[in-house]
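Just below is one structure, and these are the notes that go with it.
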Amino acid sequence: MTQSGQKLDFDAILRNTHARIRAYIAGMGIAAHEVDDVAQDVYLEFYKNIDKTPPDVAPQRWLKGIASNVCLNQMRRCASRGRVQREALAELLAATETETFRRTSEGTLQIALEECCRKLPDDSRRLLELKYQQDLTSDAIAQAVSKTAEAVRIALFRIRATLKNCVSKQVAGES
Amino acid sequence: MENIETLLQQFVDDREQLSDEQLDALCEAASADALLAARLKDQLIIDEYLAQQLAIDRRGFVAQVEQRIRDDQPGSPEPPAADPNIGMEMRDLLDVELAAQQRQAQRRGTQRWNWVVAGLILLLVAAGGGWWWMQFMQPVAVVEAVDGNPSLTREGRPAVIKAGTSLRPGDKIVTLPDESVSLRYRDGSELRLTGDTSAQLTPSTTNTGKHVTIAWGAILAEVVPQPAARPMQFKTPLSVATVRGTRLWLSADDERTRLDVMEGVVELKRSSDGETLPVRAREFAVATPDAFSVKPLTWPVDRRDAVVLLETVDRVSQVRTDDAGNWKPLELRPRGQARLDHDYALVLAGGSYGLHNASAPVLDSCQMTGELTIEVTITPTYAQHSQPTRIVTCSSKSDNYNFVLGQRDDRLFLRLRTDGADSSAGSEIELCRLVADQPQHLVVSYRDGDLVCYLDGRRVHHGGAVRGGFSNWERLAITLGDDQRGGRDWAGTLQGLAIYDRYIDDDEAQRNAELYRNLISSRPPVPQMEIHATLLEKSRIPAADEILPAKSALVVCRWQVDGVLTGQLVETEVMVVHWALLGGEPQPIATAEPGVQRQMLIERFGVNTQLEGVPRIDDFQDPEHRQARYYEASNP
């Protein structure tokens, strides 16, 4: 395969898989602010060794393998405390299959999630906006909405659980 | 120990929050309960997808990976040389020196110098480390101003950004629409991030100069001259702009890079194929995967939603007639003493211009959008107008208007009619101070709840009191320099008028100001002389019906120069072309008698090509008086 051919393949794989691979990395318990850095390392590694991808293995699966290694290396390198526990948790989470995410294709889940977000009550959407759009901590959100940080954490946890159920239903409905 | 549910919530909230014991407990629980592990994973994944969907700084991932790959290509700057190498070189040096000293010490039977040399070398190592720190970790720029609530990410963590914040290599700034950050490098180079932008002060991999990576958005940069070997570079997903000292505006996203150069030369390289184009002053380049071209910059930067465009009468003068973007020539009708100057700008003292065919398109478009922007460059003749005057107005008389942009005393004001319930709608809103005899670029922009004014690209007013749309507007004439019915005469020169049916932002206002300033400065200068003179002779003054269908006429008069107040003039007698009739009305020269003394501003008649075709009476055709003609540029 030519260099440009390789690049074209890589571009397509990158565009088609990055959301899911980033989610996979986050799903291993990597800190939220490190997910994209780790994912960049994963794709760089993949790009450098694209010829070594076994022909009978789907690129996404191969990328997940690279991601697992890069995540564990990252934890070994960076975690100043709780390194052993984090590694153990990461390995456990990597081995945990969740039905919803296994069944959905790239793009389907985002669409379903967007749809489910729209169905949320206003105050839930406001919490998501403060958390993700404005990147506020739970303490800062608590101040903004006059609640305790714990109440905010619980509320966000419940909203995510609601969204997960909603996404599952949508995906199941489609399938 | 908290219950597992709480730990779960805390871990999803912040992965680094839990202690070792809490992590142990969470691990143990997740190992024992597959359902709990799945719930945790679901939470983490939904958390990530939400961040991808909602967080501005999580967009552009594809571009970031592509950039990393480009940086990793052969020929890209090497990885930090100073970090490992300085240490290794110093250790090598230390080993060599110690070995040499040991040999010497053996010869001398003493090793005391070893420690001295080792100490010195350790100092060198420390100095090397210090140098490295200076180069790569020290603040490189400082935040000058912040508008809105932009974000700063440092080493992957959110950090506070405000005026005075020091910025380091690697810092990433994200601004949202209507936000901006201005920053200044140690050498005085300035950057301004505006609107929806993500830019990172890229850690320079070698000491090769300032590098900024723009994932998406726009920056305005004023870069002081950089060392030839260390130019400043702006990287976008598609290209690299190399700058050695210039003013530029750069916007980028995954699909397109646009570079406007106001001063100097910038080298733009398309990353995909390495093609490089020089972009010179007053040019812009666009790089996409399929196209790469350089073209001259035109004012205004974005003509979308412009309804009226009047750069100068000889250049762009048109009105949009429909939503399909069809234009036709603007019908300008002078009244009173209104005329054109040598730049074809409108001279409005004692008169006005009606924009005959602009009223309906402006009314229809603005009523549709509920937004309005007036952009204009004016040079007021007077610092003070004790009565309210009209610069750009859509009105018939003082109490019947859609909008009025005018001058009272030394202030620019706006009156805007809206259908909002707020009482301040319709009242006179003071916007900024004006000065006489200097071109000033103004942008006044309105949308429901936002009224802004920019003077020479700087925001000088922002108010939220005026609300509503324009459903109550009437079909009234648009006039420049006075009300349609007169009585509100404004004295000054007007050019660069654009009326849009949309609100425009800081970035566009600033770029248009810059472009129009460049446009003015690119015109050849016309020397003017202010003289004190005595009228010796004048040509015959034509009667109004003699010049029909023209309504204005010029006459040539001979003057004795009594004194030159400003400028240079060697002649003691000058032949000056004056307006004898303007709009059918006789002007003061018509009744002036020989011997009258006047102070006037004159310039070479030949540069006033706008006067070609105007009837001119010149009774001084004899060889004795065939010297160059001057034109009286001051008000008649």
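Below, read A as the first sequence line, B as the second, and so on, with proteins coming before strands; counting in each chain starts at 1.
Contact count versus chain B (heavy atoms, under 4.5 Å) is highest, among A:Val152, A:Leu156, A:Asp41, for A:Asp41. When each of B:Val12, B:Asp14, B:Leu26, B:Asp24 is checked for heavy-atom pairs under 4.5 Å with chain A, B:Asp24 comes out on top. Interface summary for chain A: among B:Leu44, B:Val65, B:Asp47, the most heavy-atom pairs under 4.5 angstrom belong to B:Asp47. Ranked by heavy-atom pairs under 4.5 Å with chain B, the list A:Ile154, A:Thr137, A:Asp37 is led by A:Ile154.
Between B:Asp13 and A:Lys131 a salt bridge is recorded (basic side-chain N to carboxylate O distance below 4.0 Å). A:Arg153 and B:Glu5 are not joined by a salt bridge, as no carboxylate oxygen comes within less than 4.0 angstrom of a charged side-chain nitrogen.
Under the 3.5 Å distance criterion, the side-chain polar atoms of A:Lys164 are left unmatched by any main-chain donor or acceptor of B:Ile46. Between the side chain of A:Arg86 and the backbone N or O of B:Arg15, at least one donor-acceptor pair lies under 3.5 Å. For B:Gln52 (side chain) and A:Ala19 (main-chain N/O), a donor-acceptor pair under 3.5 Å exists by modelled atom type.
Going from atom CG of B:Leu54 over to atom CZ of A:Arg125 covers 11.0 Å, rounded to the nearest 0.5 Å. Annotation: the span from B:Tyr49 atom OH to A:Leu163 atom CG amounts to 14.0 Å, rounded to 0.5 Å.
Taking non-hydrogen atoms and a 4.5 Å limit, the residue list of residues 31-40 of chain B in contact with chain A, ordered by number, reads B:Ser31, B:Ala37, B:Ala38, B:Arg39, B:Leu40.
Contact check for B:Glu48 versus A:Arg20: no side-chain heavy atoms found under the 4.5 Å cut-off. Contact of the B:Gln10 side chain with the A:Phe157 side chain is not registered, since no non-hydrogen atoms from C-beta on lie closer than 4.5 Å. Put simply, the side chain of A:His18 reaches to within 4.5 Å of the side chain of B:Val62, judged on heavy atoms. Side-chain contact check for B:Leu50 versus A:Cys117: some heavy-atom pair is nearer than 4.5 Å. When side chains are defined from C-beta on, A:Arg158 does not count as touching B:Gln9, because their heavy atoms never get closer than 4.5 Å.
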